[in-house]
There are 2 protein chains.
Amino acid sequence: MARGLDILGDPWSMLVLREVFFGNGRFEAMRDRLGVADSVLAGRLAALVGSGLLTRQPYGDSGRSRQEYVLTAKGEDALPVLNAVVLWSEKHLPAPSEQAHMFVLHRGCGARTSSADSCTGCGERLTAENTSWHSLTRTADPVPLATACPGKQIGTAA
Amino acid sequence: MARGLDILGDPWSMLVLREVFFGNGRFEAMRDRLGVADSVLAGRLAALVGSGLLTRQPYGDSGRSRQEYVLTAKGEDALPVLNAVVLWSEKHLPAPSEQAHMFVLHRGCGARTSSADSCTGCGERLTAENTSWHSLTRTADPVPLATACPGKQIGTAA
DNA sequence: TAGCTGACTTTCTTCAAGAAAGCTAGACCC
DNA sequence: GGGTCTAGCTTTCTTGAAGAAAGTCAGCTA
């Protein structure tokens with residue numbers, strides 16, 4: 001557990017993972033969204049890549065220096081940890097505004113779940129593939145989570 | 001979620017909570033077990049009490065200056081977060097030794113669960129009351145988790 | 001009354017976070 | 001084809017927190 005916390009226990013690491021799950025894997029996008037210092041973000045990304053939770057992937061136009069960070073299977077498996085934090089926060093921390101709420105939705109049955117790793121509506125196991133997060137501060141509609149390497153499947157290969 | 005991570009995201013906070021769940025709520029015991037600096041432990045404990053996850057409770061002999069930290073209902077509800085970290089770590093991080101493994105057990109049916117907040121054997125919801133952790137480095141047998149205020153129930157009253 | 005112990009608090013040093021600027025390589029523009 | 005733009009870092013500097021070690025204090029113990 002201590003070893004797990006070395007990777008996941010850092011506040012920024014979890015927030016970076018959150019952004020990647022939201023499909024927000026580009027350096028600038030994360031920096032702007034999280035308000036984190038460049039050097040810290042660079043360090044956290046390198047650590048998460050080093051720990052095998054993220055991989056780098058060139059995106060958009062041809063071989064330019066533009067990279068996007070995407071989840072590996074190992075990173076995707078951290079979803080219950082993030083869900084558990086979201087559910088605990090929703091239950092116990094007062095939201096600073098109506099917009100600040102965030103929900104975990106199972107796309108299979110559409111239910112809002114109160115479990116970190118299974119749907120309390122239908123019991124199905126939650127994965128990044130069948131889960132959406134709904135954050136009012138972000139978009140009006142729920143966001144399907146990013147899975148390991150969107151588009152082309154690389155997944156556990158790395 | 002960011003607010004939740006302000007409290008739970010700190011590596012030491014999670015480890016302190018782990019110790020309290022293990023029934024190890026005394027200052028010296030935690031310091032010895034975690035190898036954390038006194039000043040840092042004192043700060044973390046104060047923060048967790050301030051956030052309402054722990055309360056202080058005198059223990060043993062009469063009104064001496066000896067305190068023990070015990071969970072509140074709010075702190076107890078953080079169990080799924082810790083479970084999720086344990087399960088992820090067990091799945092994805094190599095254990096440095098045979099002894100380093102840790103399991104989450106449901107005492108109701110005795111099954112080892114692979115879900116953070118329900119028993120994968122019987123489906124029952126996991127609470128501190130019906131959950132044991134089994135850490136080989138600690139004891140040979142699984143340890144029933146500490147619940148909100150052992151002995152006298154205070155719980156949500158604070 | 002002279003320790004001893006548990007639970008801190010203080011002090012000091014070192015390391016990491018935060019802010020701000022600089023660097024680089026390809027894209028775009030005219 | 002020279003200038004500008006932009007994404008994705010890297011460097012530098014300052015400030016704040018972590019870590020180590022010693023000090024404090026109240027009550028028990030002998």
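Just the heavy atoms: all of them, side chains too, but no hydrogens, waters or symmetry mates, feed the values below. Throughout, protein chains are lettered first and strands after them, A, B, ... in sequence-line order, and every chain is numbered starting at 1.
One N or O on the side chain of A:Thr72 and one on the backbone of A:Leu53 form a donor-acceptor pair closer than 3.5 Å.
In this structure, A:Asp32 places its CG atom 10 Å from P of D:dG8, rounding to the nearest Å. One can place CD of B:Gln57 at 16 Å from C1' of C:dA7, the figure rounded to the nearest angstrom. Between the CG atom of A:Leu48 and the C1' atom of D:dC9 there is a distance of 16 Å, rounded to whole Å. When the P atom of D:dC9 is taken as reference, atom CE of A:Met30 falls 9 Å away, rounded to whole Å. In this structure, CD of B:Gln67 is placed 11 Å from P of C:dT9, rounded to the nearest angstrom. Here the P atom of nucleotide D:dC9 and the CG atom of A:Leu41 are 9 Å apart, to the nearest Å. Here the P atom of nucleotide D:dC9 and the CZ atom of A:Arg26 are 12 Å apart, to the nearest Å. Remark: C1' of C:dG18 and CZ of A:Arg44 are 12 Å apart, rounded to the nearest angstrom.
Ranked by how close their nearest DNA chain C nucleotide is to the 5' end, B:Phe27 and A:Ala37 are led by B:Phe27. Place A:Arg31 and B:Gly35 on DNA chain D by their nearest nucleotides, and A:Arg31 ends up nearer the 5' end. Ranked by how close their nearest DNA chain C nucleotide is to the 5' end, B:Ser39 and B:Glu28 are led by B:Glu28.
Of the side-chain N and O atoms in B:Trp12, none sit less than 4.0 angstrom from OP1 or OP2 of D:dA17. For A:Tyr69 and D:dA7, the shortest distance from a side-chain N or O to OP1 or OP2 is not below 4.0 Å.
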*For the pair A:Met14 and A:Leu17, evaluate side-chain contact (heavy atoms from CB on, under 4.5 Å) and give the outcome as yes or no after the intermediate values.*
CA-CA 5 Å; A:Met14 287 252 225; A:Leu17 281 180; 5.6 Å; no
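The side chain of B:Arg56 lies closest to C:dC8 when the candidates are C:dC8, C:dG18, D:dG8. Listed nucleotides: D:dA21, C:dA21, D:dG19. Nearest to the side chain of A:Asp38: C:dA21.
Using a 4.0 Å cut-off between a side-chain N of Lys or Arg and a carboxylate O of Asp or Glu, A:Arg107 and A:Glu124 do not qualify as a salt bridge.
The shortest distance between side-chain heavy atoms of B:Leu93 and A:Lys74 falls below 4.5 Å.
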Going by atom type alone, with no hydrogens or angles, which donor-acceptor pairs under 3.5 Å involve a side-chain atom of residues 4-12 of chain A and a protein atom two or more places apart or on another chain?
| from | atom 1 | to | atom 2 | distance (Å) |
| --- | --- | --- | --- | --- |
| A:Asp10 | OD1 | A:Arg44 | NH1 | 2.6 |
| A:Asp10 | OD2 | A:Trp12 | N | 2.8 |
| A:Asp10 | OD2 | A:Ser13 | N | 3.2 |
| A:Asp10 | OD2 | A:Arg44 | NH1 | 2.9 |

